[in-house]
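Below is one structure, written out as structure tokens, with a few remarks after it.
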2 protein chains.
Amino acid sequence: MSGRVVTLKTKAKLRARKSGTASSVQDIVQTLRERIARHDVSPGAKLGEQELAAEFAVPRTRIREVLGVLESRGLIDRIPNRGAVVSRLELDHVFHLYDVRAVLEGLCVRLATENAPPETWDEFVELFGAPMDEFVANRDFDAFIVVYERFRRRIIEWARNPVAARMLDSIYEKTNVVIRRIVILPGRAKEGLSEHRAVVAAMRAGDGETAERLKRMNLQNAKETLRRFQKYVL
Amino acid sequence: MSGRVVTLKTKAKLRARKSGTASSVQDIVQTLRERIARHDVSPGAKLGEQELAAEFAVPRTRIREVLGVLESRGLIDRIPNRGAVVSRLELDHVFHLYDVRAVLEGLCVRLATENAPPETWDEFVELFGAPMDEFVANRDFDAFIVVYERFRRRIIEWARNPVAARMLDSIYEKTNVVIRRIVILPGRAKEGLSEHRAVVAAMRAGDGETAERLKRMNLQNAKETLRRFQKYVL
DNA sequence: GGCGACAAGATTGGCGACAAGTTTGTTGAC
DNA sequence: GTCAACAAACTTGTCGCCAATCTTGTCGCC
């Protein structure tokens, strides 16, 4: 009896030592989320339970729970008795996501304008000026996107609406790849930049309603560009 | 050895025969969802795993999975090693839900106006006329709400945007109770009715933008009423 | 009498083993 | 040579057991 207990304890220790610390469900979800978002695993690829269990050195039950979370977020599809595959992004679905994103970001822009002191946006008046012009001229889209995401996060932060924040998060994690493909489309970065200047100006002036309308137009335009160049994106 | 196998098979058969068919995860989720939405179990009530396992005659593991789904939908809170309780609706949270609901339903109203043939809305021009007036006069709020929900479902159906549909669904399942408490507030039913007449009229005329704006105003007004009478609602 | 500590009971968490189903590879006949 | 049927290996689905943690009740001390 005591021998068995020792065996269990030993196993636990071994596992803990072997891979540093045992990964929690949340950790694994986060890792896989990033992989899917960055297309490290391509859509349609199969996610085997045993495979993942071996990689993360955790029991299969835990992987199963992870896959449940990923499924509820709509990142993977599970077919009974056949396993889990990374969801494919249908073009129609992307359009649906963009329509929803437009109204939600519009809402957040308006709320943020109401909640934040106007000086908050000076930083972005500055950034969306000369620096971003230079990024566009140099085709430095990485720097371009970094600034965008910073703006996005700041808006959500000041909107102070966790419900909207959660929903937008689930949209971003599905469309991250698409966003990167849209900005490199001809003329889109420049166009998006001037649209954002208008948004930020309205926010700085404290005009939430206008900022909302402009933000929605901005995303409708992005969607329209996507529609025109869909052959090159998906 | 073979005796053990027989035991297991016998048990399975017994379970299958005893309770008809074994409930699937989805079935149990649906049942609990309704209970929570209808306040059959009050917020703050504890949901014991063994208790539920006994009630539905399924292994505890399945209940665990069910609780996982309910948690990801935000219907329950799980405290490690202490169990699951039905989430309380904070007033602030309700306001956040209403802001998001306003823009999402606004979107759906606009899309539905664009997608559906105008005659689609004749049914509701009719219903929102004399019949609903009568319901308000008689304080028949149940009939009143039935018509509203029919309208809501029709809008979502014609909006043809599964993303928005899903998000609105998760909002409704949390605010169902609140909706019922708002319509009985003094004057709110009558006010809401006239607002809806305007919405339907715009939809019938094919003016999606106006319909969207009116729908958003409608929900902002509902929220405002809720704010004024918050003491009596929560 | 009240408060703190300890032990017993109960509940949740984690895991490995077994069962069911699917895919793949092989063998046989047409 | 091709197709179908069967078998074996592998993958997913289900379940019950054991460990960890919290709750509760009791006892002893201040």
Side-chain angles (χ1 to χ4, degrees), chain A residues 1-19 21-29 32 41 44-72 76-86, chain B residues 1-19 21-29 32 41 44-72 76-86:
Chain A
M1 279 260 274
S2 68
R4 189 172 177 184
V5 171
V6 170
T7 303
L8 287 173
K9 282 189 177 173
T10 306
K11 265 174 102 175
K13 277 189 182 175
L14 277 177
R15 185 166 53 74
R17 298 236 168 118
K18 191 166 64 179
S19 62
T21 38
S23 314
S24 76
V25 171
Q26 200 62 28
D27 294 338
I28 303 176
V29 167
L32 292 182
V41 290
K46 186 180 178 183
L47 296 178
E49 294 184 359
Q50 282 183 326
E51 197 181 346
L52 293 171
E55 178 185 344
F56 291 98
V58 295
R60 201 162 63 87
T61 312
R62 198 173 294 180
I63 296 297
R64 207 136 221 297
E65 200 175 337
V66 169
L67 293 180
V69 173
L70 259 41
E71 183 188 21
S72 77
I76 65 173
D77 296 323
R78 285 174 97 175
I79 308 159
N81 290 318
R82 296 196 42 184
V85 296
V86 179
Chain B
M1 282 261 273
S2 68
R4 186 172 180 183
V5 172
V6 170
T7 302
L8 287 173
K9 281 190 177 173
T10 306
K11 265 174 103 173
K13 276 188 181 174
L14 278 178
R15 184 168 53 74
R17 296 238 168 115
K18 191 166 63 180
S19 63
T21 38
S23 315
S24 76
V25 170
Q26 200 61 30
D27 294 338
I28 303 176
V29 166
L32 292 182
V41 290
K46 185 180 178 183
L47 296 178
E49 295 184 358
Q50 283 183 327
E51 198 181 344
L52 293 171
E55 178 185 344
F56 291 99
V58 295
R60 203 162 60 86
T61 311
R62 198 171 294 180
I63 296 297
R64 266 166 142 269
E65 202 175 335
V66 168
L67 293 181
V69 173
L70 259 39
E71 183 188 22
S72 76
I76 65 173
D77 296 323
R78 285 174 96 176
I79 308 160
N81 291 317
R82 295 197 42 186
V85 296
V86 180

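Below, read A as the first sequence line, B as the second, and so on, with proteins coming before strands; counting in each chain starts at 1. Note that the structure is predicted; figures quoted are calculated from it, not measured.
- When distances run from any side-chain atom of B:P59 to the nucleotides D:dC15, D:dG13, C:dT11, the shortest one goes to D:dC15.
- The nearest whole Å value for the distance from the CG atom in B:L67 to the P atom in C:dT11 is 15 Å.
- Minimum heavy-atom separation, B:V25 to B:R62: CG2-CG, 3.5 Å.
- A:R78 contributes atom CZ, which lies 5.0 Å from atom CG of A:L67 (distance to the nearest 0.5 angstrom).
- Mapping A:E65 and A:P80 onto DNA chain C by nearest heavy atom places A:E65 closer to the 5' end of the strand.
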Which dot-bracket string fits DNA chain D when only Watson-Crick or G-U wobble pairs with both atom distances under 3.5 Å count, crossing pairs get [ ], and | stands for a partner on a different strand?
||||||||||||||||||||||||||||||
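- Rounded to whole angstrom, the span from the CD atom of A:E49 across to the C1' atom of C:dG21 amounts to 13 Å.
- Put simply, B:R82 has a side-chain N or O that comes within less than 4.0 Å of OP1 or OP2 on D:dT23.
- Atom CG of A:L52 and atom C1' of D:dT11 are 13 Å apart (whole Å).
- When rounded to the nearest whole Å, the span between NZ of A:K46 and P of C:dT22 equals 12 Å.
- Atom CD in B:E51 sits about 15 Å away from atom P in C:dA10, given to the nearest Å.
- The residue among B:T61 and B:Q50 whose nearest nucleotide of DNA chain C lies closer to the 5′ end is B:Q50.
- Between A:L47 atom CG and A:L70 atom CG the span is 7.5 Å, to the nearest 0.5 Å.
- To the nearest angstrom, P of C:dG14 lies 20 Å from CZ of B:R62.
- Residue B:R64 places no side-chain N or O under 4.0 Å from the OP1 or OP2 atom of C:dT12.
- Residues B:I28 and B:S23 share a closest heavy-atom pair of CG1-CB, 3.8 Å.
- For the pair B:I76 CD1 and C:dT12 C1', the interatomic distance rounds to 13 Å; values are reported in whole Å.
- Look at CG on A:N81: it is 7 Å from C1' on C:dA20, rounded to the nearest Å.
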Please output the side-chain donor-acceptor pairs of residues 49-60 of chain A that fall under 3.5 Å, not counting sequence neighbours, one pair per line with the distance.
unit_1: A:E49; atom_1: OE1; unit_2: A:R60; atom_2: NH1; d: 2.6
unit_1: A:E49; atom_1: OE1; unit_2: A:R64; atom_2: NE; d: 3.4
unit_1: A:E49; atom_1: OE2; unit_2: A:R64; atom_2: NE; d: 3.4
unit_1: A:E55; atom_1: OE2; unit_2: A:R35; atom_2: NH1; d: 3.4
unit_1: A:E55; atom_1: OE2; unit_2: A:R35; atom_2: NH2; d: 2.6

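- Not a single donor-acceptor contact under 3.5 angstrom links the side-chain atoms of A:R60 to the base of C:dG14.
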